[in-house]
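These notes are about the structure you will find just below.
One-based numbering, in listed order, for ligands and for the atoms of each.
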Amino acid sequence: MRILLVAALLAGTAQMPALAQAPAAKAPAAQGIARTGAVAPILITPEAKDVWTHAEPQVARVTHVALDLDVDFGAKTLAGSATLDILAAPDAARIVLDVNDLDVSAVTDAAGKALKWSVGPKDTANADIGSALTVELAGASKIRIVYRAKPGATALQWLPPEMTFGKKKPFLFSQGQAILNRTWVPTQDSPGIRQTWEATLRVPGDFVAVMSAEKLSGDKGEALPDGRRAFRFRMDKPVPPYLIAFAVGDLKFKPLGPRSGVWAEAPMLDRAAKEFVDVEKMIDAASALYGPYRWGRYDMLVLPQAFPYGGMENPMLTFLTPTIVTGDRSNTDVVAHELAHSWSGNLVTNATWSDSWLNEGFTTYFENRIMESLYGKERAAMYADLDWDGLERDIADNGGQTGAATRLHGDPGATGGQLDYFKGSNFLRTIENTAGRAKWDAYLKSYFDRHAFQPQTTAGFLADLRENLLKGQPELELSLQLDRWAYAAGLPDNARRVHSETLARIDEKLAAFNAGGSAAAVQPQGWTTQQWLRFLNGIPRRQTPARLKELDETLGLSASGNAYVQSAWLELAIANRYDPAVPVLRRYLSTIGRGLLVYPLYRGLLDQGDWGQPLARSLFAEARASYHPSTAAGIERMIDPPAAKE
Ligand code: BES
Ligand code: ZN
């Protein structure tokens, strides 16, 4: 393995004298990292090759992006320019960028001289890959692209006022991960090609723009002569381009600590501030575990209900779904998760999307350690125990112990369900338990340090682990089964479930209920989201209408203000073709846009033959306009799988 890696490395270096000749930084170059002076290195090992980009970073690559864009809510367009700094091999004739459905009207050099350019055909295998924008450099090290992002740009969701909390003004946000940013930023959209960036956004006068960067123009921006406002931002640390993000809306800010606070629409602001009150302590706990927080501020933005994810780790400004604001702080593990990405993901980044577990598995592990630091072992065990349920479900749904989609490392996007999260975090917990927490923590802290602001691969992590943690301990290496965890299907036999006492007590109530006990005996007062989920997901799928009615009315499921509880209840109702739940389901699917909460409902409907399939179609037709383009596309693929379309 090791020998192969070195050989591959040499071959890789030989193919690209260009960057190898660039001035090397003083620090010794890590293996496979092409050092190029001040700019972030790229990884040139074969397994770091990103098949989801058109870029040829060894020939010419983007090191800095400067955006200048007008936000037009009427036309649903972003129009303006991107000026790119380019590091090119001396003999490089052109640079290749990623674009997807962008209207490009001109490309010039820094002096305004027109450059030749062309947009290639759209990738047919995966529409999200888009097209190559090739620009003839003619010696230029800076190019300016004049363009427009069209109304259908899949990174963007334009929300009408009725889909906001304030109900008065529209809202716009971007979601870049994994390869959506090429629909509004013409750059090399690959996680291994880090870029610094800056942006000016011009918005209508009564809107606020926020971005995943340092704010240069104050909370209210700068007034322009035409009545609009300009907001300026700068990210001076090199980041993978999927982390460039913005939102525009009727936003207000509330500070929570010296380096943290929350942005939200006014009706959500105080609730969000109460929910996330511990964020400053989380930053302290995370830093104490795995090294300094390197991004300056950590602010959060609570989006409207349509936001497609639980959270998104946009640097300096985590984006969050409002579904985690349940009033009892039981879902702040999502905040811990997005914060943890400030190390695993944003500092050390998966080189390609085949290695997404390096982002999500590490983060799920780290998130749990933050929760343990703040709230103790039992609370952390509760999340981890519930994650194990998810792990078992995902393995069963993806072909079991031999299913190819249960592998951590594979084709990009091939890992099924949330296996990169749950199998990845259990892998790291196994290392912790085997090597001992103190040694493991010291190792992980040094790992983030050694690889800060760099891309990483599965092979790179294993090599680093062997060199810095397992060195000279063959018995540790043997008992860990590292390669099985990283490359084989299913779960190795050294995987262990974490047990929570709190959930064990729910299991007792569940057993009594499932044995015919009354819903009235359940007594769920004060239950956290996790207790509810354990209970509702543990009810056998076959129930009588009378039993479902009893459950719903006694436990207040349809009426619950907790979107997780409603989703778990609706899943059970759908499995029983329970008509009385349909009106609640209809409202739910048209309000909530978070994939994790709505996908299982469509899946459940599609599993219910004549009853569910037409319902899935009609409910989707009604709700579609309320979903983020990527969520809508995902549900459409479920309802009409591409193979069935032919
Ligand atoms: N980075 C992910 C969100 C994501 C994943 C966006 C894949 C695009 C493609 C984020 O950090 C995340 O994992 N969100 C989770 C919450 C987490 C606590 C499980 C989510 O969306 O539910
Ligand atoms: Zn994540």
statement: of all protein heavy atoms, closest to atom 6 (C) of ligand 1 is Gln177 OE1, 3.3 Å
message: Is it true that, when you exclude Lys215 itself, more than 12 heavy atoms of the residues, nucleotides or ligands shown sit nearer than 6.0 Å to its NZ?
response: yes
query: Which heavy atom of the protein is the closest neighbour of atom 13 (O) of ligand 1, given with residue, atom name and distance?
result: Tyr421 OH, 2.6 Å
query: Just one of Asp328, Thr332, Asp333 clears the side chain to side chain donor-acceptor pair (under 3.5 Å) bar with Ser330, so which one?
result: Asp328
Heavy-atom nearest neighbour in the protein, as seen from atom 22 (O) of ligand 1, with distance rounded to 0.1 Å: Arg594 NH2, 3.1 Å
- prompt: Which heavy atom of the protein is the closest neighbour of atom 21 (O) of ligand 1, given with residue, atom name and distance?
  reply: Gly310 N, 2.6 Å
- request: Consider only side-chain N and O atoms of His341 and Glu360, and report whether a donor and an acceptor are under 3.5 Å apart.
  value: yes
query: In Glu360, the N, O or S atom nearest to the Zn ion (ligand 2) is which?
result: OE1
field: Which segment of His337 sits under 4.0 Å of ligand 1 when only heavy atoms are counted
entry: side chain
- prompt: Parallel, tilted or perpendicular for Phe427 and Phe461, by the 30°/60° rule?
  reply: perpendicular
query: Considering only protein heavy atoms, which is closest to atom 2 (C) of ligand 1, and at what distance to one decimal place?
result: Glu360 OE2, 3.3 Å
field: Shortest protein heavy-atom distance from atom 16 (C) of ligand 1, along with the residue and atom involved
entry: Glu338 OE2, 3.8 Å
field: Nearest non-hydrogen protein atom, atom 10 (C) of ligand 1
entry: Gly311 O, 3.1 Å
